[in-house]
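Everything below concerns the one structure shown next.
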Protein chains: 2
Amino acid sequence: MSTISETSRGLVAERLAEDLRDDILSGRLQPGARLGEVALAERFSVSRGPVRAALNLLSEAGIVTIVPNSGARVRELSRADARALYEVRAALEGEAAMLAASRANGETAARFAALLDQHASEVAAHPEGAYLQGAGDRDFHLVIARMAENPLLLRYLAGELYPQLSLLRVKHRNVTGRGAKALHEHKRIAEAIADGDAEVAGLLMRRHIRNSWTALEAQLSEHVGEGE
Amino acid sequence: MSTISETSRGLVAERLAEDLRDDILSGRLQPGARLGEVALAERFSVSRGPVRAALNLLSEAGIVTIVPNSGARVRELSRADARALYEVRAALEGEAAMLAASRANGETAARFAALLDQHASEVAAHPEGAYLQGAGDRDFHLVIARMAENPLLLRYLAGELYPQLSLLRVKHRNVTGRGAKALHEHKRIAEAIADGDAEVAGLLMRRHIRNSWTALEAQLSEHVGEGE
DNA sequence: GAGGATGAAATTGTCAACAATTAGCGAGAC
DNA sequence: GTCTCGCTAATTGTTGACAATTTCATCCTC
């Protein structure tokens, strides 16, 4: 059962990290699962050196916790972790929206319109709210993060916060059906960005993230007691 | 010349990272300096394994750049990097100020008053503006970051952004004498936090960081052409 | 029977040697 | 004289073995 990628370019450690990330975010490796170095090493037919490097990479992304002299495990996010995540996300995505607005040009409005039209059809096809967890929502936020033209901001969002959000949804699958509402909020944010209105774009984005957190928190409260 | 710490607790890699961080942030190792693994290994009398781990740690903190198959160097921050840094910092510290305000209690005002009184005397002792680069400014922002009670936010600020800011000041020593003005802004921010006024605290903090960036950018423009 | 101390197995941390890639240098051809 | 090709030296990437720490099970004591 060799799950190793066929791509041979790049460092071995990076391929391992890629494969492990897929396993974790797809739910094959559940939160709390032990990631023994020797087990991973013989599974991928490499030495423990690259395995350690890969685990460090995933630890940076926040989806693996390493405790010294004890080992690595798939990270389990507590509710406090989730709250902290959404607080930081609100700040960073708000900034991204502001920067995107300041960098908007003539084509921005059309590009957002095309993206959101596609998302609208996805929401129509899955009215029960698949939008929020699917590629649609992530796409929208990623486009804005890239528009900000800030490498550090993009790394934090795409490289750390988004993987952790995906990890959250491994446990609590099918986030509540906020699809239609979220899409509406997306449209307003896109308008503000296309208008070059940084102030409003940032405000709406922060509020949008806060709404998303409120919905998630309500859902977390439903199965109370399960996993601190 | 063994610069290794006397503290024997903890992992070897973490001690190395600590010592190297000191060397970098104190200016003993200047930006762009090569960090060869064998050289570091024999300097600290350890193997290359912990050295690699330590370099990865410092790479996470953003003060070392690692290019595969080529090696590690002390990071050189371009002006674009500095801009990105301050944009992210404004967002995160603004959020920290808002959260701190929401967590303020009866003792908050007194604690800030004591802190800022001490800073005022430091500014008076060094009117040319040592405050901004000294422990004073960093203290103020650290206190707020801790008040936010958000581990992720604290890690980003204290663990990554602040070391990079220190690295910026290694090259361009003695940031402009904004000490008095910065102290005044700090007072207003502290007041808003003590009042529990999250909205104003966040606004003032974002503006404060933006002012700090404007001052730094002006100074960077003076010696133009030196170091892209 | 419950709690704590002891010991063995397993796992992580560290080390030194080997393999592969890269960068620099010099020789040769155009 | 300049450009290109190839070689050498140095450095990083990887490997497998050894050392130290932790954890779990077992046994003894109270």
Side-chain angles (χ1 to χ4, degrees), chain A residues 2-21 23-24 29-76, chain B residues 2-21 23-24 29-76:
Chain A
S2 175
T3 324
I4 201 166
S5 293
E6 66 287 348
T7 67
S8 200
R9 62 140 174 75
L11 271 44
V12 177
E14 292 178 6
R15 280 186 298 153
L16 299 187
E18 189 97 11
D19 287 347
L20 278 177
R21 176 168 27 232
D23 282 351
I24 292 172
L29 285 171
Q30 287 207 347
R34 285 207 74 243
L35 298 172
E37 295 181 359
V38 290
L40 292 174
E42 57 191 40
R43 171 181 164 196
F44 292 109
S45 303
V46 294
S47 160
R48 274 178 52 215
V51 170
R52 282 177 75 86
L55 290 176
N56 275 323
L57 254 46
L58 296 178
S59 166
E60 287 180 47
I63 62 179
V64 159
T65 59
I66 298 179
V67 354
N69 285 317
S70 172
R73 308 182 93 95
V74 179
R75 182 169 178 197
E76 293 182 285
Chain B
S2 175
T3 324
I4 201 166
S5 295
E6 68 286 346
T7 67
S8 200
R9 62 141 173 76
L11 270 43
V12 177
E14 293 178 6
R15 279 185 298 155
L16 299 187
E18 189 96 12
D19 287 347
L20 278 177
R21 176 168 27 233
D23 282 351
I24 292 171
L29 285 171
Q30 286 206 348
R34 275 198 49 96
L35 299 172
E37 295 182 358
V38 290
L40 293 174
E42 56 191 41
R43 171 180 162 196
F44 291 109
S45 303
V46 294
S47 161
R48 274 178 52 216
V51 169
R52 282 175 76 86
L55 290 176
N56 276 324
L57 254 46
L58 296 178
S59 165
E60 287 180 47
I63 61 178
V64 159
T65 59
I66 298 179
V67 352
N69 285 318
S70 173
R73 307 183 93 94
V74 179
R75 183 168 176 197
E76 294 182 285

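Here is how names work: the chains are called A, B, and so on, in the same order as the sequence lines, proteins then strands, and each is numbered from 1.
Between the CD atom of Glu37(B) and the P atom of dA16(C) there is a distance of 15 Å, rounded to whole Å. Rounded to whole angstrom, the span from the CD1 atom of Ile66(B) across to the P atom of dT12(D) amounts to 10 Å.
For Asn69(B), counting side-chain heavy atoms from C-beta on, the closest listed nucleotide (dT12(C), dT14(D), dG13(D)) is dG13(D). Among dC15(C), dA23(C), dG13(C), the nucleotide with an atom closest to any side-chain atom of Pro68(A) is dG13(C). Among dG13(C), dT15(D), dT14(D), the nucleotide with an atom closest to any side-chain atom of Arg52(A) is dG13(C). Closest to the Arg48(B) side chain, of the nucleotides dA17(C), dA16(C), dT23(D), is dA17(C). Distances from the side chain of Val46(A) to the nucleotides dG13(C), dA16(C), dT15(D) place dT15(D) closest. Proximity note for Ser70(B) (side chain, C-beta onward) versus dT14(D), dA23(C), dT15(D): the nearest is dA23(C).
Ion pair Asp23(A)/Arg43(A) flagged as a salt bridge, since at least one NZ, NE, NH1 or NH2 atom sits closer than 4.0 Å to an Asp/Glu carboxylate oxygen.
Using a 4.5 Å cut-off on side-chain heavy atoms (C-beta onward), Val12(A) and Arg15(A) make contact.
Distances shorter than 4.0 Å separate some side-chain N or O of Arg34(A) from OP1 or OP2 on dT12(C).
Put simply, the side chain of Arg48(B) never gets that close to the backbone of Val38(B): no donor and acceptor are under 3.5 Å apart.
Taking CZ of Arg34(A) as the reference point, atom CG of Leu29(A) lies at 12.5 Å (rounded to 0.5 Å).
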